[in-house]
Amino acid sequence: MAGTSEPEVFGARTIQELVALMEKKDGLRIIGGGTATDELPKRCVPSRNVKELKSFEKWDRHFTFGPAMTLAEIEDIGRKNLPALLSDAVKTIGNRALRNAATLGGNIFSMMDDGHARTLFAPLLALDARFEFIRGSDIRNETRTVPILKLKEFAAEEMKWKWILSKIKIPNEDWELAIFRKLGPQREFGESSASFAFLADIQDRTLSTVRIAFAGKIILRSAEFENSLTGLPLPLDGNAVRSAVERGGKMFDEESRASGIENDEIARTQFTNLLRYSLEQLAQP
Ligand SMILES: Cc1cc2nc3c(=O)[nH]c(=O)nc-3n(C[C@H](O)[C@H](O)[C@H](O)COP(=O)(O)OP(=O)(O)OC[C@H]3O[C@@H](n4cnc5c(N)ncnc54)[C@H](O)[C@@H]3O)c2cc1C
C-alpha cells in the first residue's frame with residue numbers, strides 16, 4: 001500500500017489533550033524540534049504546540065522550565081535570570097537557527113536513544129534538576145518526580161507506560177563559582193562530545209558546598225567525592241588540589257569500570273584538567 005511508511009504525526013495543544021492522546025495511541029513518541037535525527041518516529045506528536053510545556057517560572061526557591069521551550073527561548077531569558085551554568089551551556093549548542101528549533105526536552109532525551117549525554121546534561125546534573133512526569137489514568141492524572149540521577153533508569157523502564165515529561169525543576173541557589181565547559185567539537189555534537197560543570201560556595205573562608213559533574217558517554221557525579229572536599233579551608237593549598245585531582249581521576253576510572261565503558265583516556269585527561277583548573281580558582285587568595 002502506498003504511503004504506509006510515512007510517519008503519523010498527531011497534534012495536541014494542551015497537556016490534557018496530550019495525556020489523552022498518549023493514552024489512546026500506542027507507541028506514540030513526543031518530539032521537540034526534530035533536530036536530533038533525520039527520521040521522525042513512526043507515530044509522533046510535537047511538543048511545541050502544547051502551551052503548558054513551554055512555560056518558564058522563576059520563584060524564590062526554584063525555577064521551572066517546560067521541556068518544549070526552545071534553547072533560543074531559554075537563552076533569551078538572560079544569564080541574570082537563569083542558573084549561570086544553564087545559561088552558559090545553552091549558548092554553546094549549535095547556532096542560533098538550530099537553537100530556534102531545538103528544545104530542552106529533546107536535548108535531555110536524545111541520550112535515551114544512544115546512551116550519550118548531550119550538552120545540557122552535566123549542568124543539570126550539577127544543579128540537582130528534578131523531572132516531573134504526568135500520565136492519565138481511568139480516574140485522574142498521576143504525577144511522578146524523578147531526580148536527574150535516576151532519569152536514565154526511569155526512561156528505560158517506565159516511559160513505555162505513557163509518562164509525559166511536564167516540567168524540569170531546578171533549585172534557585174547562589175553560587176560563588178560556576179564553571180561550564182563543553183568538550184569535543186564546538187557548536188555541534190559528535191562522538192567525543194561531553195560537558196563538565198563545577199559549582200562551589202564559600203562560607204567563613206571554607207569550601208561549604210561543591211558539586212562536580214561530567215557527562216558524555218560516561219556520567220559522573222559522586223556525593224562521596226564532593227563531601228571529601230567540603231569544609232576544606234580556603235584558599236586551597238597545592239597539596240589539597242593535587243590530592244583531589246588524583247582522587248578525581250580514580251573516581252573516573254571506577255565509574256568507567258562500573259558502567260562497563262572502556263576507559264577513555266582523552267575524556268579522563270579532560271576531566272582531571274578541568275577539575276584542577278576549577279579547584280585552582282579556589283586556590284587564589
Ligand atoms: C548542526 C547541529 C549542531 C548541534 N550541536 C549540538 C550541541 O552542540 N550540543 C548538543 O547537545 N546537541 C547538538 N545537536 C543535536 C541536537 O540538535 C540537540 O541535542 C537538540 O537539543 C535536540 O533537541 P530537539 O528538540 O531537536 O530533539 P528531537 O530531535 O525533537 O528529539 C530528540 C529525542 O528526544 C525525544 N524527545 C524530544 N522531546 C521530548 C519530550 N518532551 N519528552 C520526551 N522525549 C522527548 C525524541 O522522541 C527523540 O528521541 C546539534 C545538531 C545539529 C544538527
Side-chain angles (χ1 to χ4, degrees), residues 15 18-19 22-23 26-32 36-37 41 43-45 47 53 62-68 83 85-86 89 103-137 141-171 189 191 193-197 199 211-227 248 251-264 267-268 271:
I15 190 88
L18 184 59
V19 166
M22 209 70 173
E23 279 297 291
D26 285 332
L28 187 64
R29 293 266 301 269
I30 297 175
I31 54 159
T37 91
R43 288 188 138 185
C44 60
V45 52
S47 60
L53 298 186
H62 65 263
F63 300 88
T64 63
F65 295 87
L85 276 186
L86 182 63
T103 63
L104 178 58
N107 194 272
I108 296 155
F109 273 87
S110 288
M111 76 175 292
M112 310 311 168
D113 296 332
D114 57 14
H116 192 161
R118 300 313 198 257
T119 302
L120 297 182
F121 200 85
L124 293 176
L125 182 57
L127 289 162
D128 275 344
R130 297 170 79 79
F131 294 76
E132 291 192 9
F133 290 87
I134 185 169
R135 74 173 172 189
S137 78
N141 289 341
E142 290 177 80
T143 57
R144 178 91 66 90
T145 301
V146 180
I148 188 162
L149 267 173
K150 299 266 179 215
L151 185 65
K152 214 171 154 188
E153 195 184 318
F154 180 82
E157 288 167 16
E158 296 282 338
M159 279 192 68
K160 57 180 176 286
W161 306 116
K162 299 174 180 272
W163 288 104
I164 296 164
L165 175 62
S166 60
K167 55 177 83 137
I168 297 143
K169 230 169 163 176
I170 300 178
F189 185 81
E191 273 298 294
S193 290
S195 297
F196 172 87
L199 291 170
R211 302 219 192 120
I212 301 157
F214 183 89
K217 288 191 172 155
I218 177 172
I219 292 175
L220 204 61
R221 171 124 193 249
S222 161
E224 194 186 330
F225 182 56
E226 291 169 3
N227 289 340
M251 173 179 75
F252 192 98
D253 297 336
E254 277 160 23
E255 188 53 45
S256 300
R257 269 195 300 276
S259 17
I261 294 169
E262 209 177 304
N263 210 347
D264 177 345
R268 186 190 195 276
F271 172 70

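Along the sequence shown, residues are numbered consecutively beginning with 1.
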So do the side chains of Val146 and Glu158 get within less than 4.5 Å of each other, counting heavy atoms only? no
Closest heavy-atom contact between Ser193 and His116? O-NE2, 2.8 Å
Can you find a pair of side-chain heavy atoms, one from Phe131 and one from Ile108, that are under 4.5 Å apart? yes
Please name the pair of heavy atoms, one in Phe189 and one in Ala117, separated by the smallest distance, quoted to 0.1 Å. CE1-O, 3.7 Å
Begin from the C-alpha positions of Ile212 and Phe271 and carry the test side chain to side chain contact (heavy atoms under 4.5 Å, CB included) through to its verdict. CA-CA 10 Å; Ile212 301 157; Phe271 172 70; 4.0 Å; yes
Under 4.0 Å between a Lys/Arg side-chain N and an Asp/Glu carboxylate O for Arg221 and Asp128? yes
Gap between atom CE of Met22 and atom NZ of Lys162 - 0.5 Å precision: 7.0 Å
Sorted by chain and number, sequence neighbours left out, ring-ring contact (aromatic ring centres under 6.0 Å, His included) with Phe133 holds for Phe154
Smallest separation among heavy atoms of Ala155 and Phe109, with atom names: CB-CE2, 4.1 Å
Heavy-atom side-chain proximity of Leu127 to Leu199 below 4.5 angstrom: yes
Taking side chain as C-beta onward, heavy atoms only, is Asp264 less than 4.5 Å from Ser256? no
For Glu157, is there any backbone N or O sitting under 3.5 Å from a side-chain donor or acceptor partner on Lys160? yes
Between SG of Cys44 and CD1 of Ile30, what distance do you get to the nearest 0.5 Å? 10.5 Å
CE of Met251 to CG of Leu220, rounded to nearest 0.5 Å, is 4.0 Å
Any side-chain heavy atom of Ile261 within less than 4.5 Å of one from Glu255? no
Examine distances only and state if a side-chain atom of Arg29 and a backbone atom of Gly27 form a donor-acceptor pair shorter than 3.5 Å. no
Taking all non-hydrogen atoms of both residues, which atom of Ala122 and which atom of Ala197 are closest, and how far apart? O-CB, 3.8 Å
Looking at side-chain heavy atoms only, is the closest gap between Asn141 and Val19 below 4.5 Å? yes
Contacts of Phe63 meeting ring-ring contact (aromatic ring centres under 6.0 Å, His included) (sequence neighbours excluded), chain-then-number -> none
If we ignore hydrogens and angles and just use 3.5 Å, is the side chain of Arg211 paired with the main-chain N or O of Ala126 as donor and acceptor? yes
In this structure, NZ of Lys167 is separated from NE2 of His62 (nearest 0.5 Å) by 7.5 Å
Between Thr103 and Gly32 the two heavy atoms that sit nearest each other are OG1-CA, 3.6 Å
Decide yes or no for Pro67 and Ile168: does some side-chain heavy atom of the first lie under 4.5 Å from some side-chain heavy atom of the second? yes
Spacing of Ile164 atom CD1 and Glu132 atom CD [to the nearest 0.5 Å]: 13.5 Å
Nearest heavy-atom pair of Gly66 and Leu104: which atoms, and what distance? O-CD2, 4.1 Å
When rounded to the nearest 0.5 angstrom, what distance separates CG in Leu86 from CG in Leu120? 6.0 Å
